[in-house]
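Contents: one structure, followed by commentary.
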Amino acid sequence: MAKAVCFPHSDDQFETPNELMEWLDYSLRNTHRGYYRYRKAPGLGRLEQGSIVFFYKNKLIVGSAVVEKNSRPLEQVEIERCDEIHGRDDDCAGMENVVKFFTNSIWVWDEHELVTEEEFKEITKKNLQNYVTINPDEILKLYEIVARKRGEMESRP
């Protein structure tokens with residue numbers, strides 16, 4: 001069953017939300033063709049096609065994407081190939097799972113459009129911690145915040 005969830009990003013992956021935004025916008029979309037490797041994800045379960053993932057760093061949601069291919073554990077050969085390509089650096093360290101996103105669904109918001117933990121908590125009553133699941137009615141409310149912020153910026157002289 002499709003669901004919506006927030007993916008955390010640690011400091012050893014990205015130091016700032018801006019670094020994550022650049023990686024999502026360019027590397028995930030182009031270099032990785034939508035394939036996203038991730039570590040253990042306690043309580044996440046399987047992500048099925050149509051699921052929505054919101055990406056966050058330092059308690060700021062920076063964008064989202066829609067799952068094209070179900071999540072699954074990485075095979076040993078994929079782990080070895082990653083090490084071979086990246087030279088056993090942080091790009092591969094501890095990665096255990098993979099999911100593929102529709103590349104045209106990867107949406108990285110502008111800096112003035114990011115959703116804060118306070119705004120997230122007001123909608124969901126949850127903190128941005130670990131892999132947080134979002135109810136269907138809350139998804140549109142998160143996008144509404146982004147749209148409102150975009151509208152406010154566009155209406156400025």
Side-chain angles (χ1 to χ4, degrees), residues 1-109 113-117 119-121 123-143 145-146:
M1 179 160 97
K3 59 182 163 184
V5 67
C6 294
F7 270 31
H9 293 85
S10 63
D11 289 342
D12 69 335
Q13 294 175 296
F14 305 98
E15 289 185 18
T16 65
N18 200 30
E19 281 184 17
L20 171 59
M21 293 162 69
E22 289 173 12
W23 184 85
L24 291 168
D25 201 29
Y26 182 77
S27 296
L28 181 59
R29 183 187 323 268
N30 299 307
T31 309
H32 299 286
R33 299 179 335 268
Y35 285 96
Y36 178 98
R37 295 181 310 268
Y38 59 100
R39 297 175 176 148
K40 284 184 183 177
L44 176 61
R46 186 173 176 195
L47 289 172
E48 296 184 359
Q49 185 178 40
S51 294
I52 298 173
V53 172
F54 292 89
F55 305 97
Y56 74 94
K57 171 72 183 152
N58 293 354
K59 302 187 184 286
L60 291 170
I61 300 175
V62 303
S64 64
V66 178
V67 173
E68 178 180 358
K69 291 185 180 177
N70 299 354
S71 63
R72 63 175 175 75
L74 284 167
E75 297 173 10
Q76 186 59 39
V77 67
E78 292 172 307
I79 294 170
E80 290 167 5
R81 189 170 189 300
C82 183
D83 287 343
E84 179 183 312
I85 292 169
H86 296 284
R88 293 186 179 266
D89 65 7
D90 289 338
D91 285 345
C92 302
M95 299 299 171
E96 297 184 12
N97 302 287
V98 65
V99 63
K100 183 173 189 319
F101 295 107
F102 287 103
T103 54
N104 62 355
S105 78
I106 299 168
W107 183 19
V108 179
W109 305 326
E113 300 168 344
L114 306 184
V115 177
T116 66
E117 182 177 46
E119 292 167 324
F120 179 79
K121 191 170 186 172
I123 291 169
T124 65
K125 309 299 182 242
K126 299 175 182 176
N127 293 316
L128 276 175
Q129 187 175 334
N130 300 321
Y131 294 87
V132 185
T133 303
I134 304 169
N135 295 326
D137 62 318
E138 297 166 340
I139 297 167
L140 290 178
K141 291 177 183 175
L142 288 174
Y143 285 133
I145 289 172
V146 176

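The figures here come from the full heavy-atom set of this structure, side chains too, leaving out hydrogens, waters and symmetry mates. The model shown is predicted, which means the values in this text are computed figures rather than measured ones.
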Is the backbone N or O of Y26 less than 3.5 Å from a side-chain atom of N30, with the two atoms forming a donor-acceptor pair by type?
yes
On a heavy-atom basis, which atom in Q49 and which in N70 lie closest, and how many Å separate them?
N-OD1, 2.8 Å
Between G50 and A2, which heavy-atom pair has the shortest distance, and what is it?
C-CB, 3.8 Å
Decide yes or no on side chain to side chain donor-acceptor pair (under 3.5 Å) for T16 and N18, but give the supporting numbers first.
CA-CA 5 Å; T16 65; N18 200 30; 5.5 Å; no
Partner residues of E113 under the side chain to side chain donor-acceptor pair (under 3.5 Å) criterion, sequence neighbours left out
R150
Sidechain-backbone polar pair: Q13 side chain, S10 backbone, donor-acceptor under 3.5 Å
yes
Please tabulate, one pair per line, all N/O donor-acceptor pairs under 3.5 Å involving side-chain atoms of residues 95-103, not counting sequence neighbours.
unit_1, atom_1, unit_2, atom_2, d
N97, ND2, R39, O, 3.1
K100, NZ, R33, O, 3.1
K100, NZ, E68, OE1, 2.9

CA sep, side-chain torsions, deciding dist, call: V67, E48, side chain to side chain contact (heavy atoms under 4.5 Å, CB included):
CA-CA 7 Å; V67 173; E48 296 184 359; over 6 Å; no
What residues, two or more places apart in sequence or in another chain, satisfy side chain to side chain donor-acceptor pair (under 3.5 Å) together with Y36?
H9
Out of the candidates L60, I123, I145, L128, only one should pair with V115 under the side-chain contact (heavy atoms from CB on, under 4.5 Å) rule; please name it.
I145
The criterion is side chain to side chain donor-acceptor pair (under 3.5 Å); which residues satisfy it with K69, sequence neighbours excluded?
Y35
Donor-acceptor contact below 3.5 Å, side chain S64 vs main chain F54
no
Apply side chain to side chain contact (heavy atoms under 4.5 Å, CB included) to residues I52 and Y143 and explain how you reach the verdict.
CA-CA 12 Å; I52 298 173; Y143 285 133; 3.7 Å; yes
With a 4.5 Å limit on heavy-atom distance, are the side chains of L24 and V62 in contact?
yes
Scanning both residues in full, the closest heavy-atom pair of C6 with P8 reads O-CD, 3.7 Å
Separation between CG of L20 and CD1 of I61, rounded to the nearest 0.5 Å
11.5 Å
Ring center gap for F55 and W23 short of 6.0 angstrom
no
What residues, two or more places apart in sequence or in another chain, satisfy side chain to side chain donor-acceptor pair (under 3.5 Å) together with K141?
none
What distance do K3 atom NZ and I134 atom CD1 have between them, rounded to the nearest 0.5 Å?
11.5 Å
Could you name each residue pair satisfying side chain to side chain donor-acceptor pair (under 3.5 Å) that touches residues 54-63, not counting sequence neighbours?
D11-K57
Taking the six-membered ring for Trp, are F7 and Y131 parallel (under 30°), tilted (30 to 60°) or perpendicular (over 60°)?
perpendicular
